[in-house]
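All figures in this text were calculated on a predicted structure; none of them were measured in a lab.
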Amino acid sequence: MGAGGNMSTPTTKNEQKKNHLQRVPSSKPPFTLGDVKKAIPPHCFQRSLIRSFSYLIQDLILVSIFYYIANTYFHLLPSPLTYLAWPAYWIAQGCVSTGIWVIGHECGHHGFSDYQWVDDTVGLIFHSALLTPYFAWKHSHRRHHANTGSLENDEVYIPRFKSKLRWYYKYLNNPLGRVFVLAFTLTFAWPLYLMFNISGKKYERFTCHYDPNSPLYSNRERMQIYISDAGVIATTYVLYRLAMTQGLTWVLCIYGVPLLIVNGFIVLITLMHHTHASLPHYDSSEWDYLRGALATVDRDYGILNKVFHNVTDTHVLHHIFSYISHYHAMEATNAIKPLLGDYYQVDDTPIIKAMWRDTKECIYVEKDEGSQGRGVYWYKNKL
């Protein structure tokens, strides 16, 4: 997984020579959002219902094949082979199911089709099947896109200031501590975020994605939160009935472990897009939409770039124009690279190595000395 250099389009010589940790410019760019849009071929903004469904059906076929093989043949294998077969199933099923989750995420951005009701129906069905509250996350995620890189208003992955670090951080700033933090984060961060807004924007009262009265939502959005909750409850009930008829172990092996892998990838992908020593964060004196959108990084997950429908290696574009369908994202990314220049950041470091490096280097943010009051903050790690 994450073999460096296997991104969907080969990097240029200039990108290969670039130091991945070299800071991107934080000043106002010499181009506008309109300039970026003009650089993208017009057909990249066109959504095809048939083409979008073809990717979803392809993923569903793979999920069905994996399920059929596991449910039909694994119990016939001699004992030693089952210890190899089940992990292979979990990884394959978890990766493809992450691709389905990404398509649901695309529905939330109205990037699946020209019909909002189709996007919301597809997104609700398949996010609910993966225990994600579709409308709830759609609305909070939209606010993240509208405020990316803002220290005051971003919805998630808001870095801490050094003065706000908890007392135990100095005890976790070592290899063993990082292993513990990464294991905990990849396993529990997604459900904790949905239930308790852990790592999310701080509100004055309890915040939960399942609560229709949460400060995350406007009054016109609250009814949709009930629909999201109903979708998750329906899936939970189906799982309960399956556990009663097939057994809890069967449900955990067929569904539970792959879901943990999906949850882990959701956290890993989003964390790695917004955690990088080269990326600035801004306070209200400096932040604007375009600079915030550019404060993201494209990553390389090797063959998984395709499995995840290129959400991993076209994320900068996604933050500028989130409604572009994934099958146009690579072409659009290549079209805007010359215009963005140094404002475009890509890091093709193998993802495991990058994860270890960036969790070590990116602990808190602060201004550079001598920054003369500019509201630009950079990741640091000196405790």
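- The heavy-atom pair separating Y289 from A146 by the smallest distance is CD1-O, 4.1 Å.
- Using modelled atom types, one finds a donor on one side chain and an acceptor on the other under 3.5 Å when comparing S322 with H109.
- Judged purely by atom type and a 3.5 angstrom limit, N305 uses its side chain to pair as donor or acceptor with the backbone of G302.
- Within the 3.5 Å criterion, the main-chain N or O of G111 finds a donor-acceptor partner in the side chain of S325.
- In the model, Y157 has no side-chain atom that pairs as donor or acceptor with a side-chain atom of S199 under 3.5 Å.
- Listed here is the closest heavy atom pair of D300 and D348: CB-CA, 3.8 Å.
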Could you give the side-chain donor-acceptor pairs of residues 240-250 under 3.5 Å, partners two or more places apart or in another chain?
{"from": "T245", "atom 1": "OG1", "to": "R241", "atom 2": "O", "distance (Å)": "3.1"}
{"from": "T245", "atom 1": "OG1", "to": "L242", "atom 2": "O", "distance (Å)": "3.2"}
{"from": "W250", "atom 1": "NE1", "to": "N71", "atom 2": "OD1", "distance (Å)": "2.9"}

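- Scanning all heavy atoms of the two residues, the minimum distance from P133 to H209 falls at CG-CB, 4.5 Å.
- Distance alone, capped at 3.5 Å, is enough to place a donor-acceptor pair between the T32 side chain and the D35 backbone.
- Annotation: cation-pi geometry satisfied between K37 and F45 (NZ/CZ under 6.0 angstrom from ring centroid, within 45° of ring axis).
- Taking the charged nitrogens against the carboxylate oxygens, K138 and D120 do have a contact shorter than 4.0 Å, which makes a salt bridge.
- In plain terms, the two heavy atoms of T82 and P87 that are nearest each other are O-CD, 4.0 Å.
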Anything under 3.5 Å between a donor and an acceptor, one on a side chain of residues 175-183, the other on a protein residue two or more places apart or in another chain? List them.
none

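- Between P29 and L290, the closest heavy-atom pair is CG-CD2, 3.8 Å.
- Using a 3.5 Å distance cut-off with no hydrogens or angles, the side chains of T296 and H315 do not pair a donor with an acceptor.
- Without hydrogens or angle criteria, S228 side chain to F135 main chain gives a donor-acceptor distance under 3.5 Å.
- The hydrophobic clustering, which links ILVMFWY residues whose side-chain heavy atoms are closer than 4.5 Å, places F66 and I61 together.
- For the pair R47 and F112, the cation-pi criterion (under 6.0 Å, within 45° of the ring axis) is not fulfilled.
- L259 and F188 fall within the same hydrophobic cluster, defined by Ile, Leu, Val, Met, Phe, Trp and Tyr side-chain heavy atoms under 4.5 Å apart, directly or through other members.
- Between F321 and Y323, the ring planes lie perpendicular to each other; the angle is over 60°, past the 30° to 60° tilted range.
- Counting only heavy atoms from C-beta outward, the side chains of R142 and W137 never approach each other to under 4.5 Å.
- For the pair E331 and P41, the tightest heavy-atom approach, listed with the atom from each and the gap, is OE2-CG, 3.7 Å.
- Using a cutoff of 4.0 Å between basic side-chain nitrogens and carboxylate oxygens, K353 and D358 are not scored as salt-bridged.
- Looking only at atom types and distance, the side chain of S278 has no donor-acceptor partner in the side chain of Q22 under 3.5 Å away.
- A donor-acceptor pair under 3.5 Å is absent between the side-chain atoms of E152 and the main chain of D283, judged by distance alone.
- Residues W378 and E366 form no side-chain contact, since every pair of their non-hydrogen atoms from C-beta on lies 4.5 Å or further apart.
- Rounding to the nearest 0.5 Å places SG of C44 at 11.5 Å from CE of M330.
- Taking the ring centroids of H274 and H319, they lie under the 6.0 Å cut-off.
- Using a 4.0 Å cut-off between charged side-chain N and carboxylate O, E221 and R143 make a salt bridge.
- Side chain of T235 to main chain of S128: a donor-acceptor pair is present (N/O by atom type, distance under 3.5 Å, no hydrogens or angles).
- By the criterion of side-chain heavy atoms lying less than 4.5 angstrom apart, applied directly or through intervening Ile, Leu, Val, Met, Phe, Trp or Tyr residues, L252 is not grouped with Y89; the two fall into different hydrophobic clusters.
- With respect to the salt-bridge test (charged N to carboxylate O, under 4.0 angstrom), the residues K380 and D368 qualify.
- Side chain of W190 to backbone of I266: no donor-acceptor contact under 3.5 angstrom is found.
- Ring geometry, W117 versus Y115: the interplanar angle falls from 30° to 60°, so the pair is classed tilted.
- Distance alone, capped at 3.5 Å, is enough to place a donor-acceptor pair between the D298 side chain and the V316 backbone.
- At least one side-chain heavy atom of R357 sits under 4.5 Å from a side-chain heavy atom of L21.
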Requested in this report: For the pair Y193 and T270, evaluate side-chain hydrogen bond (donor to acceptor under 3.5 Å, both in side chains) and give the outcome as yes or no after the intermediate values.
Outcome: CA-CA 13 Å; Y193 171 64; T270 52; over 6 Å; no

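- Side chains of H309 and D59 form a contact here, defined as non-hydrogen atoms less than 4.5 Å apart.
- For the residue pair S48 and Y327, no side-chain donor N or O sits within less than 3.5 Å of a side-chain acceptor on the partner.
- A ring pair (Phe, Tyr, Trp, His ring centres under 6.0 Å) with F161 is found for exactly one of Y377, Y364, Y379, namely Y377.
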Requested in this report: Please lay out, stage by stage, how W86 and F74 fare under the test ring pair (Phe, Tyr, Trp, His ring centres under 6.0 Å).
Outcome: CA-CA 8 Å; W86 278 112; F74 279 13; 4.9 Å; yes

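- Ion pairing between a basic and an acidic side chain is recognised when a charged N comes within 4.0 Å of a carboxylate O; K28 and D288 show no such pairing.
- Screening H105, H326, H144 for a ring pair (Phe, Tyr, Trp, His ring centres under 6.0 Å) with H318, the sole residue that qualifies is H105.
- One N or O on the side chain of T359 and one on the backbone of W356 form a donor-acceptor pair closer than 3.5 Å.
- A side-chain N or O of Q224 and one of H139 form a donor-acceptor pair less than 3.5 Å apart.
- The pair R291-E286 counts as a salt bridge, with a side-chain nitrogen and a carboxylate oxygen less than 4.0 angstrom apart.
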Requested in this report: Take H110 and D119 through the side-chain hydrogen bond (donor to acceptor under 3.5 Å, both in side chains) test and state the conclusion after the steps.
Outcome: CA-CA 6 Å; H110 196 19; D119 289 21; 2.9 Å; yes

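- Here the side chain of N197 pairs a donor or acceptor atom with the backbone of K201 at under 3.5 angstrom.
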Report task. Show your reasoning for whether side-chain hydrogen bond (donor to acceptor under 3.5 Å, both in side chains) applies to H20 and H276. Result -> CA-CA 9 Å; H20 294 312; H276 198 274; over 6 Å; no

